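Treat the numbers as computed from the prediction; the structure is a model and nothing was measured. When a ligand or atom number is given, it counts from 1 through the structure's own listing order.
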Amino acid sequence: MRTLVVDDDPFALKVLGRQLANLGVSGCVLREVAQEALAELEDSGQTFELIFVDLQMPEMDGVEFVRHLARFGYAGQLVLVSGEDERILQAAERLAHAHKLNVAGALRKPVSIQELSAVLKPTLARGAAAQRVVRARDPDDLRRAITNGELVNHYQPKVALATGVVVGVESLVRWQHPYDGVIYPDQFIAVAERHDLIDDLTRTVLAVAARQAGNWRAAGTDLHVAVNVSMENLHALDFPEWLLGVAAGAGISPTQLTLEVTESRLMKDPLAVLDILTRLRLKRVDLSIDDFGTGHSSLAQLRDLPFGELKVDRGFVHGAWRDASLRAIVEASLRMARELGMKTVAEGVEDRADWDFLRAAGCNAAQGYFIARPMAADALAGWMAQWAQRRGELVETKG
Ligand code: C2E
Ligand code: MG
Ligand code: MG
């Protein structure tokens with residue numbers, strides 16, 4: 001079983017490696033620096049069936065590491081390890097579950113061999129055979145795909161919780177691979193970021209999205225279109241000018257565009273980011289802080305950057321109605337956004353209970369499988385007709 005252990009404490013690392021060897025899991029890869037482990041996972045296409053990660057680490061903590069694992073679709077087993085109190089460990093475990101990772105267990109430090117053995121038993125029994133092998137995509141293949149137009153945008157509606165009115169769509173890129181079929185962004189965005197392809201990718205996606213908004217507009221439907229932008233994109237100071245040119249070329253107003261910025265990456269050049277985002281706001285492009293609550297710098301970014309919208313991460317949204325901690329987080333995020341004069345969007349609204357809870361909590365808009373899955377551009381008109389039928393019943397009950 002290919003196993004990776006990530007812990008900034010070299011002693012803990014060695015001990016866990018030895019304990020694992022005693023239990024028959026030998027040849028573990030031991031890493032002290034989370035970023036290095038991540039780079040190895042993404043770049044060399046190394047696959048692991050089992051990963052142990054410490055939560056408390058400098059630079060990149062375990063939660064962020066886990067989030068990256070989810071981004072590129074890690075399909076093996078995950079064990080969280082922490083010296084922090086039980087509640088933190090539980091919360092991290094819940095988040096990993098929400099990211100749809102296979103959590104084999106959570107271990108308190110110092111790890112006892114009995115507990116380790118208990119956590120490992122089902123994993124070892126299941127064996128490595130059943131694990132799907134996920135490989136990071138090849139950057140050259142991705143470069144070719146961008147040039148050949150293999151990237152297509154799908155669109156997922158956002159609707160107002162109070163009225164059910166469709167307020168816009170979010171563009172989500174898919175790679176229509178000639179041999180491998182549809183590939184989801186989790187498997188190639190990180191590759192693009194690491195190999196200097198993210199600018200080409202984002203500009204392609206943005207241009208297509210703007211053109212699509214222009215087409216919808218010409219057909220009589222004015223829709224806000226949101227596009228995901230990586231922090232890595234915000235270094236070229238002429239980005240706002242480029243974007244305005246694209247909007248003008250597509251016959252739409254900059255106010256029809258929203259950029260969703262993810263806060264998971266460390267900012268290399270915070271000054272450039274601040275410059276670009278401030279000027280985009282001056283030009284009336286809306287900015288949204290995406291996946292709010294998952295990184296470690298979200299509050300600082302909220303303070304420093306001119307966001308007009310806050311998207312609560314789906315890891316907090318789905319099931320919040322029956323989980324006191326999640327509910328507290330969602331409600332606090334909404335309250336904070338309101339006090340800062342921002343609009344709020346909840347992602348990952350998967351069922352009626354989620355919908356009702358968010359309406360009652362006063363969130364502005366919702367997005368998620370309960371409303372619609374991301375769809376091809378030409379499927380949107382059909383969905384809007386269906387939604388017009390369905391929406392009445394969802395907004396009747398008082399929120
Ligand atoms: P995101 O911006 O947070 O987008 C929402 C993701 O959640 C999408 O996954 C969407 O399909 C999924 N989703 C929507 N509703 C639900 C729901 O009810 N339940 C669950 N479990 N999931 C839901 P997708 O399309 O795989 O995209 C993943 C991430 O990849 C996006 O997260 C975004 O950060 C990134 N991404 C997508 N397109 C682009 C792009 O063009 N550029 C960049 N830089 N990143 C992109
Ligand atoms: Mg987004
Ligand atoms: Mg998000």
Side-chain angles (χ1 to χ4, degrees), residues 67-73 95-101 134 137 142 145-146 150-159 168-176 182-210 212 224-235 239 257-265 286-295 298 307 309-320 345-355 357-358 365-376 383:
R67 181 157 185 279
H68 284 287
L69 289 181
R71 264 176 86 84
F72 63 81
L95 194 60
H97 275 297
H99 280 308
K100 307 279 190 291
L101 291 166
V134 172
R137 309 304 309 194
L142 180 57
I146 297 172
E150 287 171 22
L151 300 187
V152 291
N153 288 356
H154 278 198
Y155 298 91
Q156 187 179 35
K158 301 180 185 176
V159 303
V169 293
E170 173 177 5
S171 153
L172 294 159
V173 67
R174 273 89 184 93
W175 177 359
Q176 193 63 57
V182 180
I183 304 173
Y184 288 87
D186 315 21
Q187 287 191 43
F188 60 86
I189 293 295
V191 178
E193 284 175 345
R194 285 184 184 284
H195 295 272
D196 258 356
L197 293 169
I198 194 68
D199 273 344
D200 284 347
L201 185 147
T202 299
R203 291 187 184 216
T204 306
V205 168
L206 260 165
V208 172
Q212 187 55 55
H224 234 93
V225 178
V227 176
N228 292 285
V229 164
S230 151
M231 280 289 180
E232 315 274 300
N233 290 128
L234 305 174
H235 59 84
F239 181 76
L257 292 174
T258 299
L259 300 185
E260 296 191 3
V261 185
T262 347
E263 38 104 18
S264 62
R265 292 225 146 210
D286 213 345
L287 300 176
S288 180
I289 182 165
D290 204 350
D291 302 338
F292 182 75
T294 56
S298 33
F307 291 107
E309 180 183 275
L310 181 150
K311 290 188 85 170
V312 186
D313 188 70
R314 64 175 185 268
F316 301 116
V317 170
H318 175 52
V345 181
E347 324 176 310
V349 175
E350 292 192 1
D351 52 36
R352 178 70 193 251
D354 291 342
W355 171 276
F357 163 68
L358 289 156
Q367 184 181 353
Y369 296 164
F370 179 64
I371 299 144
R373 296 211 169 225
M375 63 189 92
W383 173 82

If you take the nearest heavy atom of each of Phe188, Tyr369, Tyr184, which one is closest to atom 22 (N) of ligand 1? Tyr369
Is the Mg ion (ligand 2) less than 2.8 Å from at least one N/O/S atom of Thr262? no
Contact check, side chains of Glu309 and Val345, non-hydrogen atoms, under 4.5 Å: yes
Between the candidates Ala366, Ala192, Pro185, which shows the shortest non-hydrogen contact distance to atom 27 (O) of ligand 1? Pro185
Taking Ile371's backbone N and O only, do any of them form a donor-acceptor pair with Trp383's side chain (distance below 3.5 Å, no angle check)? yes
Are Glu170 and Leu172 side-chain neighbours, meaning at least one heavy-atom pair lies under 4.5 Å? yes
Any heavy-atom pair between the side chains of Val225 and Gln212 that's under 4.5 Å? no
Using a strict 4.0 Å cut-off to heavy atoms of Glu347, name the atoms of ligand 1 that fall inside it. 3 (O)
Taking distance alone, with no angle check, do Thr262 and ligand 1 share an N/O pair under 3.5 Å? no
Proximity of Asn153 to ligand 1 by residue part, where a heavy atom lies under 4.0 Å: neither
Taking only heavy atoms of Val205, which atoms of ligand 1 are found under 4.0 Å from at least one of them? 41 (O)
Looking only at heavy atoms, which two atoms of Ser171 and Val205 are closest? And how far apart? OG-CG1, 3.7 Å
Determine whether a donor-acceptor pair (N or O, by modelled atom type, separation under 3.5 Å) exists between the side chain of Asp291 and the backbone of Asp313. no
Does Lys100 have a heavy atom less than 4.0 Å from any atom of ligand 1? yes
Using a plain distance cutoff, I'd like to know if Val229 has any nitrogen or oxygen under 3.5 Å from a nitrogen or oxygen of ligand 1. no
Under the 3.5 angstrom rule, does the side chain of Asn233 hit a backbone N or O of Ser230 as a donor-acceptor pair? yes
Examine the proximity of ligand 1 to Arg314 and report which part, side chain or backbone, both or neither, has a heavy atom under 4.0 Å away. side chain
Show the atoms of ligand 1 that are less than 4.0 angstrom away from any heavy atom in Glu170. 1 (P), 2 (O), 4 (O)
In short, Lys158 meets Ala226 closest at the heavy-atom pair NZ-CB, 3.7 Å
Has ligand 1 got any nitrogen or oxygen that is less than 3.5 angstrom from a nitrogen or oxygen of Ser171? no
Region of Val173 engaging ligand 1 - heavy atom pairs below 4.0 Å: both
Using side-chain heavy atoms (C-beta onward) and a distance below 4.5 Å, is Asn228 in contact with Val261? no
Where ligand 1 meets Asp290 - atom numbers and elements under 4.0 angstrom, heavy-atom basis: 1 (P), 2 (O), 3 (O)
Under 4.5 Å between any side-chain heavy atoms of Asp286 and Leu259, yes or no? no
Please confirm whether His154 approaches ligand 1 to less than 4.0 Å, judged on its heavy atoms. no
Could you identify the N, O or S atom of Glu170 positioned closest to the Mg ion (ligand 2)? OE2
Mind checking whether Gln367 has an N or O less than 3.5 Å away from an N or O of ligand 1? no
Should Arg373 be listed as contacting ligand 1, given a heavy-atom distance under 4.0 Å as the test? no
Can you find a pair of side-chain heavy atoms, one from Glu150 and one from Trp175, that are under 4.5 Å apart? yes
For ligand 1, note which part of Val349 has a heavy atom under 4.0 Å away: side chain, backbone, both or neither. backbone
N, O or S atom within Asp290 nearest to the Mg ion (ligand 2), by name: OD2
Which residues pass the side-chain hydrogen bond (donor to acceptor under 3.5 Å, both in side chains) test with Glu350, not counting sequence neighbours? none
Closer than 4.0 Å to some heavy atom of Gln156 - which atoms of ligand 1 meet that? 14 (C), 15 (N)
Heavy-atom pair with the smallest gap, counting every atom of Arg137 and Phe188: CG-CB, 4.1 Å
Holding to side-chain hydrogen bond (donor to acceptor under 3.5 Å, both in side chains), I want the full list of residues that pass it with Asp196, two or more places apart in sequence or in another chain. none
Looking at Glu260, the N, O or S atom sitting nearest the Mg ion (ligand 2) is OE1
Of all the atoms in Asp291, is at least one N, O or S atom closer to the Mg ion (ligand 2) than 2.8 Å? no
Taking heavy atoms and a distance under 4.0 Å, where does His318 meet ligand 1: side chain, backbone, both or neither? neither
